[in-house]
Amino acid sequence: MKKIFNIIFTTLLIYFSFYYANLVSNYVKNKDPIMIKLKEVKDSYQKEAVDAVIANNTIIPGISGLEVDVDESYLKMKKVGNFQESLLVFKKVDSNISLKNNFDKLIISGNINKNNVSVLLKIDNLEIIEALKKEDYFPSLNFIFNKDFLIQEENTLKELENNIVVLEDQVFDSSLIDYCYTTKEFKNICQEYLKYTFKVEMITHDYYYNTYQVIKNGSIIAFQIINEKNINDLDILINGIKNLGFKIVSLDELIKE
């Protein structure tokens, strides 16, 4: 019995020792000028989250918020001995309404508060892809392939790091497929494959003019590329889009919250 009592007493003693040490540590930390400064300014660095917008069966992604991670910021600044803005550590704050797992909704745009747009290219020729690799904007492109082309060129296409998109009617179980798209009626086929579906503005002619008629923050625009002339037209168009102040990004980046 005495042995059991000693074990319980020792355990309690250790527990209260840690508890007391933690109280003292927190007291000292809260009196530290660095911590005082952090608590004074943390709210001024806070960025509120923006909810995703859902209307019927459509969705526009939101934007995550940011707040200062006081404890992590303190640890970094304590090592240099003073408050430094460049050493602030932030943590993500999720929005109340998010794109996450809303596979049954049609994404009609990226967030309109960002000047991002996504360009999708419909291609069925590996030589065209190789030619595009020479362009500095290549990493930001997204590619539309049909089912037969995907299956036929699987070994080559799996080396692409770009997002691969298929018409929702042609979706199948493949690790190559990142997203689905539609230009007309949303059939919600891709939910079964846990893929998001985008509403795409398909431009088939007069690239420059027709793009300028529709482009805005969050636009998702597609073009069919079948020859070198189309690539040259695309080069001019990409430069024009950038000159308007838009940033061309992958679909991954476009819907990042």
Side-chain angles (χ1 to χ4, degrees), residues 50 58-63 99 106-147 149-150 153 156-168 170 176-184 190 195-257:
V50 178
T58 67
I59 188 168
I60 297 174
I63 303 175
L99 176 66
L106 179 65
I107 302 173
I108 58 174
S109 168
N111 192 284
I112 61 174
N113 294 313
K114 298 180 180 179
N115 63 339
N116 294 339
V117 299
S118 280
V119 171
L120 287 69
L121 303 182
K122 188 175 183 181
I123 295 174
D124 59 5
N125 186 322
L126 290 178
E127 292 182 1
I128 295 293
I129 297 174
E130 288 301 315
L132 285 167
K133 286 181 179 179
K134 302 173 185 177
E135 307 295 340
D136 59 0
Y137 54 77
F138 180 81
S140 299
L141 296 175
N142 310 274
F143 292 108
I144 294 174
F145 300 131
N146 64 45
K147 182 177 180 179
F149 184 73
L150 267 175
E153 306 294 349
T156 301
L157 296 177
K158 68 183 180 183
E159 298 177 1
L160 282 178
E161 296 183 0
N162 309 67
N163 288 143
I164 293 177
V165 192
V166 297
L167 187 67
E168 63 173 340
Q170 295 189 1
L176 291 179
I177 299 172
D178 298 302
Y179 301 107
C180 298
Y181 84 98
T182 182
T183 58
K184 299 178 182 178
C190 297
K195 309 289 185 186
Y196 292 112
T197 304
F198 291 85
K199 177 66 180 293
V200 169
E201 194 79 44
M202 183 68 72
I203 296 176
T204 58
H205 63 283
D206 294 337
Y207 288 176
Y208 207 77
Y209 174 80
N210 287 319
T211 298
Y212 276 66
Q213 297 302 303
V214 299
I215 195 167
K216 58 184 182 298
N217 284 359
S219 285
I220 308 160
I221 307 173
F223 310 90
Q224 185 165 14
I225 305 295
I226 59 176
N227 54 41
E228 187 175 343
K229 180 183 182 305
N230 292 151
I231 296 177
N232 293 334
D233 290 342
L234 182 67
D235 288 342
I236 297 172
L237 179 63
I238 293 291
N239 287 328
I241 291 174
K242 290 179 178 179
N243 288 336
L244 287 175
F246 294 107
K247 181 180 179 182
I248 298 171
V249 300
S250 67
L251 289 173
D252 285 345
E253 181 66 23
L254 188 76
I255 63 174
K256 184 178 180 180
E257 292 186 308

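Within the 3.5 Å criterion, the main-chain N or O of T182 finds no donor-acceptor partner in the side chain of E168. Between the Y208 side chain and the G240 main chain, no donor and acceptor come within less than 3.5 Å of each other. Side-chain atoms of N163 come within 3.5 Å of backbone N or O of L251 as a donor-acceptor pair. Side chain of D178 to backbone of I164: a donor-acceptor contact under 3.5 angstrom is found. Formation of a donor-acceptor pair under 3.5 Å by the N111 side chain with backbone atoms of E257 is not found in this model. At least one donor-acceptor pair closer than 3.5 Å links the side chain of N162 to the backbone N or O of L141. Counting only distance, with no hydrogens or angles, the side chain of N116 and the backbone of G218 share no donor-acceptor pair below 3.5 Å. Using modelled atom types, no side-chain atom of S109 and backbone atom of S219 make a donor-acceptor pair closer than 3.5 Å.
The list of ring-ring contact (aromatic ring centres under 6.0 Å, His included) pairs with a residue in residues 222-257, not counting sequence neighbours, reads Y207-F223. Sorted by first and then second residue, the salt bridge (charged side-chain N to carboxylate O under 4.0 Å, His left out) pairs with a member in residues 195-205 form an empty list; sequence neighbours excluded.
Other residues, nucleotides and ligands contribute over 12 non-hydrogen atoms within 6.0 Å of the NZ atom of K114. When the shell of 6.0 Å around CD of E228 is examined, it contains 12 or fewer heavy atoms from other residues, nucleotides or ligands. Within 6.0 Å of CD in Q213 there are more than 12 heavy atoms belonging to other residues, nucleotides or ligands.
Put simply, CD1 on I144 and CG on D124 are 12.0 Å apart, with the number rounded to the nearest 0.5 Å. Within the model, atoms CG of L132 and CD1 of I225 stand 7.0 Å from one another, a figure rounded to the nearest 0.5 Å. Atom CG of residue L254 and atom NZ of residue K247 lie 11.5 Å apart, to the nearest 0.5 angstrom. Once rounded to the nearest 0.5 Å, the distance linking CD1 of I129 with OG1 of T156 reads 8.5 Å. If you take CD1 on I108 and OG1 on T197, they are separated by 13.5 Å, rounding to the nearest 0.5 Å. Here CG of L99 is found 5.0 Å from CD1 of I59. Values are rounded to the nearest 0.5 Å.
Taking 4.5 Å as the limit, every side-chain heavy atom of V249 sits out of range of all side-chain heavy atoms of V117. Using a 4.5 Å heavy-atom threshold, the side chains of L126 and F149 count as touching. Looking only at side-chain heavy atoms (C-beta outward), N210 and H205 come within less than 4.5 Å of each other. Counting heavy atoms from C-beta on, the side chains of L160 and F138 come closer than 4.5 Å. Under the 4.5 Å side-chain criterion, counting only non-hydrogen atoms from C-beta, D235 is in contact with E135. Looking at K122 and V200, their side chains never come closer than 4.5 Å, going by heavy atoms from C-beta outward. Within the 4.5 Å cutoff, no side-chain heavy atoms of K216 are placed close to those of I112. Side-chain contact between L120 and I220 is present, with heavy atoms from C-beta onward closer than 4.5 Å.
Of all the heavy atoms in I107 and Y196, the pair that sits closest is CD1-CB, 3.7 Å. When every heavy atom of S118 is checked against every heavy atom of N142, the shortest pair comes out as CB-ND2, 3.9 Å. When all heavy atoms are compared, the tightest approach of I63 to N113 is CD1-CB, 4.1 Å. When all heavy atoms are compared, the tightest approach of N125 to E127 is OD1-N, 2.7 Å. Across all their heavy atoms, Y137 and I231 have their closest contact at OH-O, 4.4 Å.
Here the rule is side chain to side chain contact (heavy atoms under 4.5 Å, CB included) with F143, and of L121, I128, L157 only L121 fits it.
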Check your understanding: Are K147 and V166 close enough, and set up right, to give a side-chain contact (heavy atoms from CB on, under 4.5 Å), and what steps lead you there?
Key -> CA-CA 7 Å; K147 182 177 180 179; V166 297; over 6 Å; no

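For Y181, the ring-ring contact (aromatic ring centres under 6.0 Å, His included) test picks out no residue, with sequence neighbours left out.
Side-chain contact, Y179 with D252: a donor N or O sits under 3.5 Å from an acceptor N or O.
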